[in-house]
Amino acid sequence: MNLLEWSPLEGLAAAFGVISVFLSTRQNIWSWPTAIVNVALYTIVFYQGRLYGQMGLQPIYLVLSVYGWYQWLHGGAQRSELRVTRASPRLLATLGVLNLAAWLALAAILRRTDAALPWLDALLATTSLVAQWMMTRKILENWILWIAVDLVYVPMFISQGLYATAMLYAAFLVLALMGVVEWRRSITATVTP
């Protein structure tokens, strides 16, 4: 298969992913319904590619998308719109420890299957969950985690023949860079009179 060949399902899933992440960089509430469609489609794509860690992420992303949709609308002070904030060092340390434990547990499970890349798949899966949770709470540093995982996702998906998904994650990398800039501006606009 060459770089321009992929299944229509993978292409559709990728398109919804780009739309969803672009809307997230703009803090547009429609990022969440488009994310729900994206994760439903990618559940099938990752199953077909034997990336079970990524497949297992999709139902969790579904729940996080519903949660994020609610939080962005009502998670702020007095059930108002949620604003972008920075993560505290304590929160980052807690998330780091949770991620490490989850990674080791998931990798142990995936090693017992025919998973293509159990350790890497598990690490990217758990780190992505942390980043996604941070996004649901509009924590700026979610974009930093997305940049890190996207840099690894692209070659991983190419190695598995998921070319549309690799291109999608390359686009996600660019969008994550945009997200850092846009969300940082949002914090600055909130702080300055």
Within a strict 4.5 Å, meaning less than it, do heavy atoms of the [X] and [Y] side chains meet?
{"X": "Leu129", "Y": "Leu64", "answer": "yes"}
{"X": "Tyr153", "Y": "Asp150", "answer": "yes"}
{"X": "Leu73", "Y": "Glu81", "answer": "no"}
{"X": "Trp119", "Y": "Leu104", "answer": "yes"}
{"X": "Tyr169", "Y": "Phe157", "answer": "yes"}

Point to revise | Aromatic ring pairing Trp30/Trp69, orientation class (parallel under 30°, perpendicular over 60°, tilted between) | key: tilted
Practice item. Tell me, with the steps shown, if Val66 and Trp32 meet side chain to side chain contact (heavy atoms under 4.5 Å, CB included). Key: CA-CA 7 Å; Val66 172; Trp32 297 111; over 6 Å; no
Exercise for review: Please test Ser31 against Phe22 for side chain to side chain contact (heavy atoms under 4.5 Å, CB included), starting from the C-alpha separation and ending with a verdict.
Suggested key: CA-CA 8 Å; Ser31 68; Phe22 175 76; over 6 Å; no
Practice item. Evaluate side chain to side chain contact (heavy atoms under 4.5 Å, CB included) for Leu110 paired with Leu106, printing each intermediate quantity in order. Key: CA-CA 6 Å; Leu110 293 181; Leu106 182 57; 4.0 Å; yes
For [X] versus [Y], what's the shortest heavy-atom pair and its separation?
{"X": "Val84", "Y": "Ser186", "value": "CG2-OG, 3.8 Å"}
{"X": "Gly49", "Y": "Gln160", "value": "O-OE1, 4.3 Å"}
{"X": "Ala108", "Y": "Arg112", "value": "O-CG, 3.6 Å"}
{"X": "Gln58", "Y": "Thr43", "value": "CB-OG1, 2.9 Å"}
{"X": "Ser24", "Y": "Met135", "value": "OG-SD, 3.7 Å"}

Shared ILVMFWY cluster between [X] and [Y], side chains joined below 4.5 angstrom?
{"X": "Ile109", "Y": "Leu100", "answer": "no"}
{"X": "Leu98", "Y": "Tyr61", "answer": "no"}
{"X": "Leu12", "Y": "Tyr47", "answer": "yes"}
{"X": "Val45", "Y": "Leu117", "answer": "yes"}
{"X": "Leu123", "Y": "Leu92", "answer": "no"}

[X] side, atom [atom1]; [Y] side, atom [atom2] - distance, nearest 0.5 Å:
{"X": "Ile19", "Y": "Thr34", "atom1": "CD1", "atom2": "OG1", "result": "7.0 Å"}
{"X": "Leu9", "Y": "Gln48", "atom1": "CG", "atom2": "CD", "result": "6.5 Å"}
{"X": "Ile187", "Y": "Arg83", "atom1": "CD1", "atom2": "CZ", "result": "12.0 Å"}
{"X": "Thr85", "Y": "Met134", "atom1": "OG1", "atom2": "CE", "result": "8.5 Å"}
{"X": "Phe16", "Y": "Tyr42", "atom1": "CZ", "atom2": "OH", "result": "12.5 Å"}
{"X": "Leu57", "Y": "Leu124", "atom1": "CG", "atom2": "CG", "result": "9.0 Å"}

Exercise for review: Go through Glu10 and Tyr163 one step at a time and tell me if the side chain to side chain contact (heavy atoms under 4.5 Å, CB included) criterion holds.
Suggested key: CA-CA 9 Å; Glu10 184 186 3; Tyr163 302 111; 5.5 Å; no
For a quick test of your reading: what N or O donor-acceptor pairs under 3.5 Å do the side chains of residues 171-182 make, sequence neighbours left out?
residue, atom, partner, partner atom, Å
Glu182, OE2, Arg26, NH1, 3.3
Glu182, OE2, Arg185, NH1, 3.1

**Study point:** Modelled atom types, side-chain donor and acceptor of Tyr70 and Thr136, under 3.5 Å
**Key:** no
Review point. Ser20 and Asn38: side-chain donor and acceptor closer than 3.5 Å?
Key: no
Show me the donor-acceptor pairs within less than 3.5 Å that the side chains of residues 138-148 make with the rest of the protein, sequence neighbours left out.
residue, atom, partner, partner atom, Å
Lys138, NZ, Gln27, OE1, 2.9
Lys138, NZ, Leu82, O, 3.0
Glu141, OE1, Ala87, N, 2.8
Glu141, OE2, Arg86, NE, 2.7
Glu141, OE2, Arg86, NH2, 3.0
Asn142, OD1, Trp146, NE1, 3.4
Asn142, ND2, Ile139, O, 2.9

